[in-house]
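What follows is a single structure, written as structure tokens, with notes after it.
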Amino acid sequence: QAQLVESGGGLVQEGGSLRLSCAASGRTLNTYIMGWFRQSPGKEREFVAAISRSGYITSYTTSVKGRFTISRDNAKNMAYLQMNSLKPEDTAVYYCARAAGGLDYVSRDSSRYDYWGQGTQVTVSS
């Protein structure tokens, strides 16, 4: 059965960095688009970043462009989210998820993602 497990969250000061990892089991990762989403208390889950199956196409929400980098290692069945210059407003539970799609396609639509990890807490203090 497919499973996604996030790790790497924690408490960091404003301006710091964290690297989130998403380990996938089941079908090989290169058959799926990978996405990162986040949810803060009282807010809806929002799109953060996505990467195509090939790894060549990426998409970011405006607020993280230039600070976050999504990547993947299909050979290791891993996806990553490098987060730099963190801000208090980045505080949230971060989820990785997978979606079916073409080789060079990404999606910001959470309804396209069929498997989700349990989430990892990221807290940025000011």
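In this text, all values refer to a predicted model and were calculated from it rather than measured experimentally. All residue numbers refer to positions in the sequence shown, counting from 1.
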Distance in Å, S63 OG paired with K87 NZ, rounded so as to fall on 0.5 Å steps: 7.5 Å
Same apolar cluster (I L V M F W Y, side chains within < 4.5 Å links), I57/I51: no
Side-chain heavy-atom pair N30, R53 within 4.5 angstrom cut-off: no
L20 with M34, same ILVMFWY side-chain cluster at under 4.5 Å: yes
R108 CZ to Y113 OH distance, which is reported to the nearest 0.5 Å: 10.0 Å
Donor-acceptor contact below 3.5 Å, side chain R19 vs main chain Q82: no
Main-chain N/O of R38 paired to E46 side chain as donor or acceptor, under 3.5 Å: no
E6 (side chain) donor-acceptor with Q118 (main chain) under 3.5 angstrom: yes
Y60 (side chain) donor-acceptor with I70 (main chain) under 3.5 angstrom: yes
Y32-Y115 aromatic ring centre distance below 6.0 Å: no
Exercise: identify the closest heavy-atom pair between W36 and A79: CZ2-O, 4.1 Å
Check: Y105 side chain, I33 main-chain N or O, donor-acceptor pair, under 3.5 Å: no
Closest contact, heavy atoms only, L4 versus A24: CD2-CB, 3.6 Å
Non-hydrogen atoms of T91 and S40 that approach each other most closely: O-OG, 2.9 Å
Check against side chain to side chain donor-acceptor pair (under 3.5 Å), S107 and D109: CA-CA 5 Å; S107 176; D109 182 357; 5.3 Å; no
Plane angle bin for F37 and W116 - parallel if under 30°, tilted between 30 and 60°, otherwise perpendicular: tilted
Donor-acceptor contact below 3.5 Å, side chain N77 vs main chain L29: yes
Interatomic spacing from OG in S52 to CZ in R72 - rounded to 0.5 Å: 7.0 Å
Short side-chain to backbone donor-acceptor contact, R112 and A99, under 3.5 Å: no
Side-chain heavy atoms of Y80 within contact of D73, under 4.5 Å: yes
Closest approach of M78 to S21 (non-hydrogen atoms, all atoms of both residues): CE-CB, 3.7 Å
Shortest non-hydrogen contact from L18 toward G8: CD2-O, 3.8 Å
D90 (side chain) donor-acceptor with E14 (main chain) under 3.5 angstrom: no
Whether T120 side chain and S7 backbone form a donor-acceptor pair below 3.5 Å: no
Exam field: side chain S110 to backbone F47, donor-acceptor pair closer than 3.5 Å: no
Taking every non-hydrogen atom, the tightest pair across L11 and S125: CD1-CB, 4.3 Å
Hydrophobic cluster membership, F68 vs V124, 4.5 Å side-chain cutoff: yes
